[in-house]
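One structure is given below, encoded as structure tokens.
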Amino acid sequence: MNISLPDTQATRKLGIALGQCLDARSVILLQGDLGAGKTTLVQGLGEGLGIPVPIVSPTFTLINEYAEGRLPLYHLDLYRLEPKEVIALNLETYWEGIEVTPGIVAIEWAERLPYKPDRYIIVHLTYGNEDSRQAAIATHNCMIPQEPLGANL
Ligand SMILES: Nc1ncnc2c1ncn2[C@@H]1O[C@H](COP(=O)(O)OP(=O)(O)OP(=O)(O)O)[C@@H](O)[C@H]1O
């Protein structure tokens with residue numbers, strides 16, 4: 001599925017729609033160059049989940065956890081990590097809900113994952129003209145409920 005995102009707000013709205021409809025243990029793999037809009041989309045995701053605090057990039061903290069919404073949000077950024085550091089994060093803890101409350105896992109720079117979960121949604125953001133972006137969305141072993149996604153875009 002390809003979605004055109006003419007401005008920042010459109011990218012945020014895509015995140016809101018996903019935050020409103022996804023189930024616990026959903027994993028969103030975010031791909032795209034610097035400034036493509038990955039964090040913007042996760043900010044929308046937080047809004048869609050009803051998280052009342054600002055979502056900030058986890059570039060230095062690696063994982064930011066938000067427990068205040070409809071489901072927990074686990075937000076990761078792999079930009080600075082070597083593959084062995086990614087492995088040490090034990091990411092399956094988050095997407096399998098082992099010793100954490102099952103929630104939504106959003107991973108920026110998912111290109112750097114040395115392995116993938118069993119089921120995931122990939123959102124690949126690319127640049128268009130000026131402020132426009134394009135989102136190519138694909139799923140693996142899971143589904144995005146279509147109706148909320150369409151209704152909010
Ligand atoms: N259509 C658009 N979608 C998303 N962001 C846009 C769009 N048009 C302009 N922008 C701007 O581009 C910037 C995107 O920044 P953002 O931090 O979301 O990207 P990123 O992919 O997370 O970058 P990085 O990899 O550096 O963390 C923001 O300043 C945003 O306002």
Side-chain angles (χ1 to χ4, degrees), residues 1-22 25-91 93-95 103-117 119-140 142 144-153:
M1 177 182 2
N2 287 304
I3 297 179
S4 166
L5 304 167
D7 54 25
T8 303
Q9 191 54 23
T11 303
R12 198 175 169 105
K13 277 191 177 175
L14 173 60
I16 292 173
L18 291 170
Q20 288 172 339
C21 75
L22 292 181
R25 297 191 175 86
S26 295
V27 185
I28 306 175
L29 304 182
L30 291 152
Q31 302 184 339
D33 292 340
L34 285 170
K38 302 177 292 295
T39 302
T40 303
L41 192 139
V42 180
Q43 287 167 342
L45 194 62
E47 188 177 338
L49 285 165
I51 295 168
V53 296
I55 305 290
V56 291
S57 181
T59 306
F60 295 101
T61 50
L62 306 183
I63 303 177
N64 287 346
E65 302 188 13
Y66 301 88
E68 306 92 333
R70 176 175 73 79
L71 292 168
L73 172 64
Y74 304 104
H75 181 195
L76 293 100
D77 186 335
L78 306 182
Y79 184 59
R80 292 167 187 274
L81 301 187
E82 301 292 330
K84 65 180 181 193
E85 294 175 301
V86 177
I87 289 168
L89 288 172
N90 291 322
L91 294 177
T93 304
Y94 296 94
W95 59 62
I104 309 269
V105 184
I107 305 178
E108 297 193 36
W109 291 99
E111 296 92 329
R112 308 202 170 182
L113 271 180
Y115 56 93
K116 287 196 171 56
R119 54 191 182 281
Y120 54 85
I121 299 161
I122 287 195
V123 181
H124 189 164
L125 295 162
T126 50
Y127 279 81
N129 294 331
E130 299 178 6
D131 277 355
S132 78
R133 308 283 193 269
Q134 192 77 18
I137 304 180
T139 58
H140 183 81
C142 65
I144 303 172
Q146 291 294 319
E147 200 178 321
L149 197 54
N152 283 281
L153 293 173

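Just so you know, ligand 1 is whichever comes first in the structure, and atom 1 is the first atom listed for that ligand. Start at 1 with the first residue, then count along the sequence. Quick caveat, the model's predicted, so the values are computed rather than measured.
For atom 8 (N) of ligand 1, the closest non-hydrogen atom on the protein side is Asp131 O, 2.8 Å. Taking atom 10 (N) of ligand 1 as the reference point, the nearest protein heavy-atom neighbour is Thr8 OG1, 3.2 Å. Given atom 12 (O) of ligand 1, the protein heavy atom at minimum distance is Arg133 NH2, 3.2 Å. Protein heavy atom in closest approach to atom 16 (P) of ligand 1: Thr40 OG1, 3.8 Å. In this structure, atom 19 (O) of ligand 1 lies nearest to the protein heavy atom Gly37 N, 3.1 Å. Shortest contact from atom 26 (O) of ligand 1 to any protein heavy atom: Leu34 CD2, 3.3 Å. Taking atom 21 (O) of ligand 1 as the reference point, the nearest protein heavy-atom neighbour is Lys38 NZ, 2.7 Å. Regarding atom 4 (C) of ligand 1, its nearest protein heavy-atom neighbour is Thr11 OG1, 3.3 Å.
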Under 3.5 Å, which donor-acceptor pairs do the side chains of residues 27-44 form with other protein atoms, sequence neighbours left out?
| from | atom 1 | to | atom 2 | distance (Å) |
| --- | --- | --- | --- | --- |
| Lys38 | NZ | Gly32 | O | 3.0 |
| Lys38 | NZ | Asp33 | O | 3.0 |
| Thr39 | OG1 | Glu108 | OE1 | 3.0 |
| Thr39 | OG1 | Glu108 | OE2 | 2.9 |
| Gln43 | NE2 | Ile55 | O | 3.1 |

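Within the 4.0 Å heavy-atom shell around ligand 1 one finds Trp109. Residue-ligand proximity: Ala10 is placed with every non-hydrogen atom at 4.0 Å or more from ligand 1.
Each of the atoms 17 (O), 18 (O), 20 (P), 22 (O), 27 (O) of ligand 1 lies under 4.0 Å from some heavy atom of Thr39. Of all atoms in ligand 1, numbered sequentially from 1 with element shown, those under 4.0 Å from a heavy atom of Glu108 are 22 (O), 27 (O). Below 4.0 Å from some heavy atom of Asp33 lie the following atoms of ligand 1, by number and element: 21 (O).
For Ile63, the side chain to side chain contact (heavy atoms under 4.5 Å, CB included) test picks out Glu65, Leu76, Leu89, Tyr94, with sequence neighbours left out.
Every N/O-N/O distance between Ser57 and ligand 1 stays at or above 3.5 Å.
Within a 6.0 Å radius of CD in Glu68, more than 12 heavy atoms belonging to other residues, nucleotides or ligands are found. Within a 6.0 Å radius of CG in Asn129, other residues, nucleotides and ligands contribute 12 heavy atoms or fewer.
The two residues Cys21 and Pro145 make their nearest non-hydrogen contact at O-CG, 3.6 Å.
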